[in-house]
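Structure, as structure tokens:
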Amino acid sequence: MEQICCVILAAGLGKRLGGDSPKALATTRSGALIDLALESLASVSPVKTIVVVGHKRELLEKHLATSSAAKGHTIETISQPEQLGTGHAVRCALPALEGFTGTVILTYADHPLFTAETLKHFVAYHSFKKSTLTMLSFTAPPPNGYGRIVRGAKNEVLRITEAKDCNPEELLINEVNSGVYAVDSSFLKPAVESLQNNNSQKEYYLTDIVEKAVKEGQTVCAFPLGDPQEAAGVNTLSDLAYVNQVLERRHIRQLQADGVLFDDPATCSLDASVVLKAGARVGPQVQLRGDTVVETGVTLEGSLLIINSTIGRNVTIKLGSRVEEAVIGEEASVGPFANIRPGTSLGAHTRIGNFVEVKNATLRDGAKASHLTYLGDCTVGEESNIGAGTITCNYDGYRKSATTIGKGVFIGSNSCLVAPVHVGDGALIAAGSVITQDVPADALALGRAKQEMKGGWAATRRAQLEKQKK
Ligand code: UD1
Ligand code: CA
């Protein structure tokens with residue numbers, strides 16, 4: 001195989017994306033556009049990668065100096081001081097190609113979705129066909145502003161005509177130019193030097209080298225892309241949103257290939273930073289954000305939002321829960337309809353049930369709060385049971401105070417723990433208590449009004465009321 005040198009055109013500003021940094025630095029969920037281009041090009045093992053920079057070149061150069069995607073390349077940046085067209089940009093790069101013999105891969109920085117496999121395949125095709133110039137084409141319904149691949153009577157490629165220069169018949173062609181070319185280095189140099197700008201945009205079009213090669217009798221091929229989605233270019237914010245969607249779907253497909261089970265992947269959304277281990281199961285409508293890690297054996301039932309959290313092995317998070325900045329220990333169960341707020345740490349085998357809110361709280365192994373509870377600014381010891389309707393009263397209108405609950409404690413239903421307060425190991429709080437003083441270990445605390453009984457009172461009242469009705 002011949003040696004390969006890559007040239008990425010990245011001098012444009014990308015006005016339509018807003019901001020005033022180079023378009024190649026526009027960020028997708030998987031990094032800057034230029035990084036995605038570099039990552040896929042690494043698959044063809046170029047001996048050198050030339051990046052043509054222009055607008056705000058210093059920002060792009062600074063980025064390339066630290067980007068991990070650039071590490072797989074020997075990069076040289078070349079300045080195109082004025083953006084006079086794609087052909088002019090390549091002309092600026094010619095001095096950097098001096099002395100190189102082989103195949104030059106030319107690409108545009110605003111096409112981030114080409115996969116490594118596609119580019120490898122493309123280069124192999126170019127080499128197999130012994131072609132002087134091969135371009136990656138795709139079928140675009142509608143072809144919009146893309147350059148049309150014009151073919152002759154025998155289906156041979158004749159030229160590329162830019163949309164703005166097309167006649168009405170050419171405008172109907174929907175095989176278009178994706179902006180990736182493989183070109184023999186000995187043809188490229190003179191072809192680019194001879195480009196003219198006599199077209200509607202008064203630009204030096206790189207695409208004109210195709211007609212030049214045809215006229216010289218060189219072998220020219222168009223390699224049609226299997227999946228036209230890969231050719232998507234980024235010109236507008238809506239293009240960027242589309243690219244993000246495609247990257248997200250790819251992330252999910254990769255996770256599926258790695259052994260994560262998605263019941264309804266089309267309804268799920270996850271950031272690129274999210275890690276899901278093989279053997280996890282994800283139900284419908286699950287959103288995973290930030291630095292979330294989901295371990296193996298986890299079941300996420302569905303309709304969940306999880307942000308910057310670690311979900312331990314074999315945890316089940318049930319329908320309708322929200323988890324943020326929390327650590328959930330192995331084999332724990334959360335929800336349905338639980339709100340796990342920042343600063344929560346749940347130990348192994350803990351159980352948080354429906355309508356339970358937990359904030360800045362540590363529940364040690366085996367602790368349970370199964371129904372209708374607020375646990376804020378507290379610690380709960382191993383195997384303690386928090387009854388339904390328990391509230392830690394952590395706020396007096398001015399300050400937050402802590403509640404500490406020991407091991408093996410039983411808190412009866414509908415109790416209020418007025419912080420700061422401590423409940424010792426093994427203590428028992430009677431249902432309906434308002435606890436304002438520390439409870440020693442193994443004590444019973446009763447903090448509720450004594451029940452009064454008035455025998456027959458209800459029957460007497462009923463009889464009186466019935467009499468009045470008549
Ligand atoms: C170009 C192609 C078109 C193709 C389309 C695919 C030409 C003449 N046309 O059109 O056939 O279908 O891409 O998206 O090549 N750039 C420079 N310097 C310049 C001009 C452009 O570096 O002077 C860079 C831009 O930053 C961009 C890339 O080249 O990354 C493409 O330029 P753009 O103006 O977007 O070309 P299109 O009109 O989209
Ligand atoms: Ca473009």
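One-based numbering, in listed order, for ligands and for the atoms of each. As the structure is a computational prediction, the values presented were derived from the model and not from experiment.
Applying the 4.0 Å criterion to heavy atoms of Gly12 picks out, from ligand 1, the atoms 25 (C), 26 (O). Contact atoms of ligand 1 toward Leu84: 23 (O) (distance under 4.0 Å to a heavy atom of the residue). Taking every non-hydrogen atom of His111 and a distance limit under 4.0 Å, the qualifying atoms of ligand 1 come out as 6 (C), 14 (O). Near Gly147, the atoms of ligand 1 lying under 4.0 angstrom from a non-hydrogen atom of the residue are 3 (C), 4 (C), 11 (O), 12 (O). Near Ala109, meaning under 4.0 Å from one of its heavy atoms, ligand 1 places the atoms 30 (O).
Ligand 1 has a nitrogen or oxygen under 3.5 angstrom from a nitrogen or oxygen of Gln80. Between Leu206 and ligand 1, not a single N/O pair is under 3.5 Å apart. Looking at Lys23 next to ligand 1, no N or O pair under 3.5 Å apart turns up. Geometrically, ligand 1 and Gly179 share no nitrogen or oxygen pair separated by less than 3.5 Å. The shortest N/O to N/O separation between Glu162 and ligand 1 falls below 3.5 Å. Note: an N/O pair closer than 3.5 Å links Asn177 and ligand 1 by distance alone. Checking only distances, Val52 never comes within under 3.5 Å of ligand 1, N or O to N or O. The shortest N or O to N or O distance between Tyr181 and ligand 1 is not under 3.5 Å.
For the residues Val90, Ile34, Asn199, Thr86, the heavy atom positioned nearest atom 7 (C) of ligand 1 is part of Thr86. Compare Gly85, Ala89, Ala93, Gly87 by their heavy atoms: the one nearest to atom 20 (C) of ligand 1 is in Gly85. In this structure, of Val7, Val234, Asp110, the residue bringing a heavy atom nearest to atom 35 (O) of ligand 1 is Asp110.
Residues Tyr146 and Phe138 place their aromatic rings such that the two centres sit under 6.0 Å apart.
Residues that satisfy the salt bridge (Lys or Arg N to Asp or Glu O under 4.0 Å) test with Glu230, not counting sequence neighbours, are absent from this structure. With sequence neighbours excluded, the residues satisfying side-chain contact (heavy atoms from CB on, under 4.5 Å) with Ser185 are Phe100, Thr101, Val104.
For Ala24, no heavy-atom contact with ligand 1 is shorter than 4.0 Å. Counting heavy atoms under 4.0 Å from ligand 1, residue His88 does not touch it at all.
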